[in-house]
Amino acid sequence: MSARLNLFGNQLASKFVQQLSAAGKVISDSTLPAATQELVKIRASQINGCGFCTDMHTKEATHAGETATRLHLVAAWREATVFTDAERAALELTEEGTRIADAAGGVPDEVWANAAKHYDEEQLAALVALIAIINAFNRANVIVQQPAGSYQPGQFG
């Protein structure tokens, strides 16, 4: 299986990916916990059916020391007891922000308020930006049918 379009070989697509990656660096350098960042990326990627990003971020999380139990339960986080209240709030915001078209009015106030109980303004800004960026990456990869399974931790720096 190969992608419909090489996002790294096409000049315009490559510039786009580089810009998204640069924006992602701002978030990775923020005070939002790294484990939370990976959980958010994994959950959005699962919802969007992006195999490439799911593969990448589960491997990156594993490489960073995340447990297999938590990774296996990301898709069922509501019933899982292995996530903190803060992580649960971030996962809920991720779901609502990713499924924004499914609800009239967008992200409910209660979801935002719950996240705001656990994260300061900088971390909330990082969460919003992260959800937007991972959704952009997911959509690009799903559109071009980027194959999954061969990602190696640290592959993109």
Side-chain angles (χ1 to χ4, degrees), residues 1-77 80 82-83 86-103 106-107 111 115 119 121-157:
M1 179 178 193
S2 61
R4 292 172 170 163
L5 175 71
N6 183 342
L7 295 176
F8 307 103
N10 176 282
Q11 186 176 0
L12 189 142
S14 179
K15 285 180 184 178
F16 173 72
V17 169
Q18 288 173 3
Q19 293 298 314
L20 277 181
S21 295
K25 177 80 168 106
V26 172
I27 298 160
S28 66
D29 290 345
S30 76
T31 60
L32 184 66
T36 301
Q37 291 182 42
E38 290 301 332
L39 295 173
V40 164
K41 293 174 199 174
I42 292 165
R43 186 64 190 126
S45 300
Q46 291 171 334
I47 292 167
N48 290 321
C50 183
F52 184 81
C53 289
T54 301
D55 179 46
M56 170 192 267
H57 296 297
T58 55
K59 287 177 178 174
E60 287 293 346
T62 300
H63 185 72
E66 188 60 77
T67 68
T69 299
R70 284 170 42 95
L71 291 175
H72 293 310
L73 289 171
V74 170
W77 66 268
V82 296
F83 301 106
E87 289 168 337
R88 296 170 69 75
L91 289 165
E92 183 177 36
L93 186 62
T94 300
E95 286 189 0
E96 294 294 332
T98 299
R99 294 183 166 135
I100 205 161
D102 296 345
V107 175
V111 172
Y119 299 101
E121 193 167 291
E122 178 183 321
Q123 293 169 325
L124 287 169
L127 269 171
V128 169
L130 180 58
I131 293 164
I133 290 169
I134 192 60
N135 273 279
F137 271 122
N138 290 165
R139 281 156 175 74
N141 285 320
V142 169
I143 291 168
V144 303
Q145 295 183 339
Q146 190 69 36
S150 62
Y151 179 81
Q152 297 298 313
Q155 181 174 325
F156 297 123

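Side chains are part of it too, since the values below use all heavy atoms of this structure and drop only hydrogens, waters and symmetry mates.
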*Assess whether side chain to side chain contact (heavy atoms under 4.5 Å, CB included) is satisfied between W77 and E87, documenting all intermediate values.*
CA-CA 9 Å; W77 66 268; E87 289 168 337; over 6 Å; no
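- Scanning for side chain to side chain contact (heavy atoms under 4.5 Å, CB included) contacts around Q19 gives an empty result, with sequence neighbours left out.
- Within the 3.5 Å criterion, the main-chain N or O of L32 finds a donor-acceptor partner in the side chain of Q37.
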*asked:* Apply side chain to side chain contact (heavy atoms under 4.5 Å, CB included) to residues V26 and S30 and explain how you reach the verdict.
replied: CA-CA 6 Å; V26 172; S30 76; over 6 Å; no
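- For Q152, the side chain to side chain contact (heavy atoms under 4.5 Å, CB included) partners two or more places apart in sequence, or in a different chain, are Q155.
- In terms of heavy-atom proximity, S45 sits nearest to C53 at OG-CB, 3.2 Å.
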Would you list the atom pairs, donor with acceptor, under 3.5 Å between side chains in residues 6-13 and any protein atom, with sequence neighbours excluded?
from, atom 1, to, atom 2, distance (Å)
N6, OD1, F8, N, 2.8
N6, OD1, G9, N, 2.8
N10, OD1, L12, N, 3.0
N10, OD1, A13, N, 2.9

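- Using a distance-only test at 3.5 Å, with no hydrogens or angles considered, no donor-acceptor pair links the side chain of D55 to the main chain of A148.
- With rounding to the nearest 0.5 Å, the separation of CD in Q145 from SG in C50 is 11.5 Å.
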Would you tabulate the side-chain donor-acceptor contacts of residues 130-137 under 3.5 Å, counting partners in other chains and residues two or more places apart, or write 'none'?
from, atom 1, to, atom 2, distance (Å)
N135, OD1, N48, ND2, 2.8
N135, OD1, R139, NH1, 2.7
N135, ND2, T98, OG1, 3.1
N135, ND2, I131, O, 2.7

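- With sequence neighbours excluded, the residues that form a side chain to side chain contact (heavy atoms under 4.5 Å, CB included) with S14 are Q18.
- Looking at heavy atoms from C-beta onward, D29 lies in side-chain contact with K25 at the 4.5 angstrom threshold.
- The side chain to side chain donor-acceptor pair (under 3.5 Å) test with E38 is passed by exactly one of H57, H63, K59: H57.
- A distance-only check finds no donor-acceptor pair linking the side chain of R88 to the backbone of F83 [under 3.5 Å].
- Note on E60 versus K41: no salt bridge recorded, every NZ/NE/NH1/NH2 to OD/OE distance being 4.0 Å or above.
- In this structure, the separation between CG on L93 and CD on E96 is 8.5 Å, given to the nearest 0.5 Å.
- Put simply, the side chain of Y151 never gets that close to the backbone of F52: no donor and acceptor are under 3.5 Å apart.
- Here F16 pairs with L20 under the side chain to side chain contact (heavy atoms under 4.5 Å, CB included) rule; sequence neighbours left out.
- Nearest approach of A126 to I27, heavy atoms of both residues: O-CG2, 3.9 Å.
- I42 places a side-chain heavy atom less than 4.5 Å from the side chain of Q46.
- Within the 4.5 Å cutoff, side-chain heavy atoms of L73 are placed close to those of T69.
- Only one option out of I47, T94, V107 pairs with R99 in a side chain to side chain contact (heavy atoms under 4.5 Å, CB included); it is I47.
- Once rounded to the nearest 0.5 Å, the distance linking CG of L91 with OG1 of T36 reads 8.0 Å.
- Between L39 and E66, the shortest heavy-atom distance links the atoms CD2-OE1, 4.4 Å.
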